[in-house]
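Quick notes on the structure that follows.
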Amino acid sequence: MKIESARFEFSAGTCAQLPPGDLPEIVFSGRSNVGKSTLINKLLNRKSLARVSAQPGKTATINAYRLDTCRLIDLPGYGYAKVSRAEKLRWGNLVNGYLEAKRPIALVVQLIDMRHEPTADDRQMIQYLLDRELPFVVVATKSDKLNGTNRRLRTQSLDELFADAGISWLPFSSVQGEGVPELRALIDKSCFPAAAE
């Protein structure tokens, strides 16, 4: 994955607007304001390729970023209470429509906030990924905001939560760069599994 090749490709408000899936797709999923856009920018070593907002629920479309070997897909965040029921339904239909559309999904990067237990929506999304047998990794963002004691406790809790299901997870910090090399390597491996073996 050549990060310098990254460019914004398209924004889709409906599944009908999605172009054909001609590249492996790396999908970023998580609740509103968990840091998907920030993570994408850090991963690509850009400051503002993916639009970042302090206001939750700002990403209401599927946004795509094209690289030489794959496409990064930024899904709308879930779980934001201050939007209308109709808007929540539209977001849900858009995300579900994308995930059910037989796209060439190589990996889903499921974001959670490391400072807190996964929400009911997080757990539901993880179960959905397990049920659909989609390849995914859980990335726990904002790891730098935890002190040493709390980090150890949260790490132990997440290890216990995910161990039985065989779910891989890694901590991530957009401030310190923790998790960036590991996630880049995982994306490369997911796009070219034969070459990685």
Side-chain angles (χ1 to χ4, degrees), residues 11-15 18 21 24-40 42-43 50 52-53 55-65 70-143 154-155 157-174 179 182-183 186-187 190:
S11 185
T14 67
C15 289
L18 292 168
E25 294 182 351
I26 309 299
V27 182
F28 295 82
S29 168
R31 68 172 180 78
S32 295
N33 220 30
V34 74
K36 291 190 302 299
S37 298
T38 300
L39 182 148
I40 290 170
K42 187 68 177 179
L43 199 61
V52 177
S53 173
Q55 179 185 350
K58 195 70 175 175
T59 303
T61 55
I62 293 175
N63 295 322
Y65 306 90
C70 65
R71 177 179 287 123
L72 306 187
I73 301 289
D74 185 7
L75 295 180
Y78 53 74
Y80 183 52
K82 296 182 181 179
V83 294
S84 69
R85 187 172 179 176
E87 185 67 359
K88 281 185 182 177
L89 185 61
R90 187 188 73 77
W91 289 359
N93 288 339
L94 179 61
V95 171
N96 192 60
Y98 169 81
L99 293 172
E100 297 288 342
K102 295 185 171 37
R103 306 287 299 181
I105 298 173
L107 181 70
V108 177
V109 179
Q110 176 61 39
L111 277 67
I112 62 171
D113 187 329
M114 190 167 177
R115 299 171 297 175
H116 312 290
E117 284 293 312
T119 66
D121 288 331
D122 291 331
R123 290 170 184 263
Q124 184 178 1
M125 189 65 199
I126 290 168
Q127 190 58 54
Y128 175 93
L129 296 172
L130 288 168
D131 291 344
R132 296 297 187 281
E133 298 183 349
L134 288 167
F136 75 97
V137 62
V138 174
V139 172
T141 62
K142 308 182 184 184
S143 64
R154 296 298 308 128
T155 297
S157 177
L158 291 173
D159 281 342
E160 291 170 359
L161 178 64
F162 295 135
D164 288 343
I167 296 171
S168 299
W169 77 276
L170 60 92
F172 189 93
S173 166
S174 61
E182 293 86 350
L183 190 52
L186 188 54
I187 289 171
S190 299

[X] and [Y]: which non-hydrogen atoms are nearest, and at how many Å?
X: Val139; Y: Leu39; result: CG1-CD1, 3.8 Å
X: Pro24; Y: Ala106; result: CB-CB, 4.0 Å
X: Ala64; Y: Ile73; result: CB-CD1, 3.8 Å
X: Val34; Y: Lys142; result: O-CE, 3.6 Å
X: Ile62; Y: Tyr98; result: CD1-CB, 3.7 Å
X: Pro118; Y: Arg123; result: O-NE, 3.5 Å

Check: [Y] and [X] side chains under 4.5 Å, non-hydrogen atoms:
X: Ile187; Y: Leu43; value: yes
X: Leu99; Y: Met125; value: yes
X: Thr38; Y: Thr141; value: no

May I have the step-by-step check of side-chain contact (heavy atoms from CB on, under 4.5 Å) for Phe28 and Asn63, ending in yes or no?
-> CA-CA 10 Å; Phe28 295 82; Asn63 295 322; over 6 Å; no

Arg154: salt bridge (Lys or Arg N to Asp or Glu O under 4.0 Å) partners, not counting sequence neighbours |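 For Arg154, the residues satisfying salt bridge (Lys or Arg N to Asp or Glu O under 4.0 Å) (neighbours in sequence not counted) are Glu117.
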
Just jot down the salt bridge (Lys or Arg N to Asp or Glu O under 4.0 Å) partners of Asp122, sequence neighbours excluded, or say none.
-> none

Approximate separation, where rounding is to 0.5 Å, of [X] [atom1] and [Y] [atom2]:
X: Ile105; Y: Ser190; atom1: CD1; atom2: OG; value: 12.0 Å
X: Leu107; Y: Leu72; atom1: CG; atom2: CG; value: 10.5 Å
X: Leu18; Y: Leu94; atom1: CG; atom2: CG; value: 7.0 Å
X: Leu134; Y: Leu130; atom1: CG; atom2: CG; value: 9.5 Å

Sequence neighbours excluded, the answer for side-chain contact (heavy atoms from CB on, under 4.5 Å) partners of Gln124 is Asp121

Hits for side-chain contact (heavy atoms from CB on, under 4.5 Å) against Glu100, two or more places apart or cross-chain, chain-then-number order -> Asn96, Tyr128, Arg132

CA sep, side-chain torsions, deciding dist, call: Thr155, Met114, side-chain contact (heavy atoms from CB on, under 4.5 Å) = CA-CA 8 Å; Thr155 297; Met114 190 167 177; 3.4 Å; yes

N/O donor to acceptor pairs below 3.5 angstrom from side-chain atoms of residues 161-174, sequence neighbours left out:
from	atom 1	to	atom 2	distance (Å)
Trp169	NE1	Asp159	OD1	2.9
Ser173	OG	Asp144	OD1	2.8
Ser173	OG	Val175	N	3.2
Ser173	OG	Gln176	N	2.9

Evaluate side-chain contact (heavy atoms from CB on, under 4.5 Å) for Leu158 paired with Ile112, printing each intermediate quantity in order.
-> CA-CA 11 Å; Leu158 291 173; Ile112 62 171; 3.9 Å; yes

With Ser29, which residues qualify under side-chain hydrogen bond (donor to acceptor under 3.5 Å, both in side chains), at least two apart?
-> Gln110

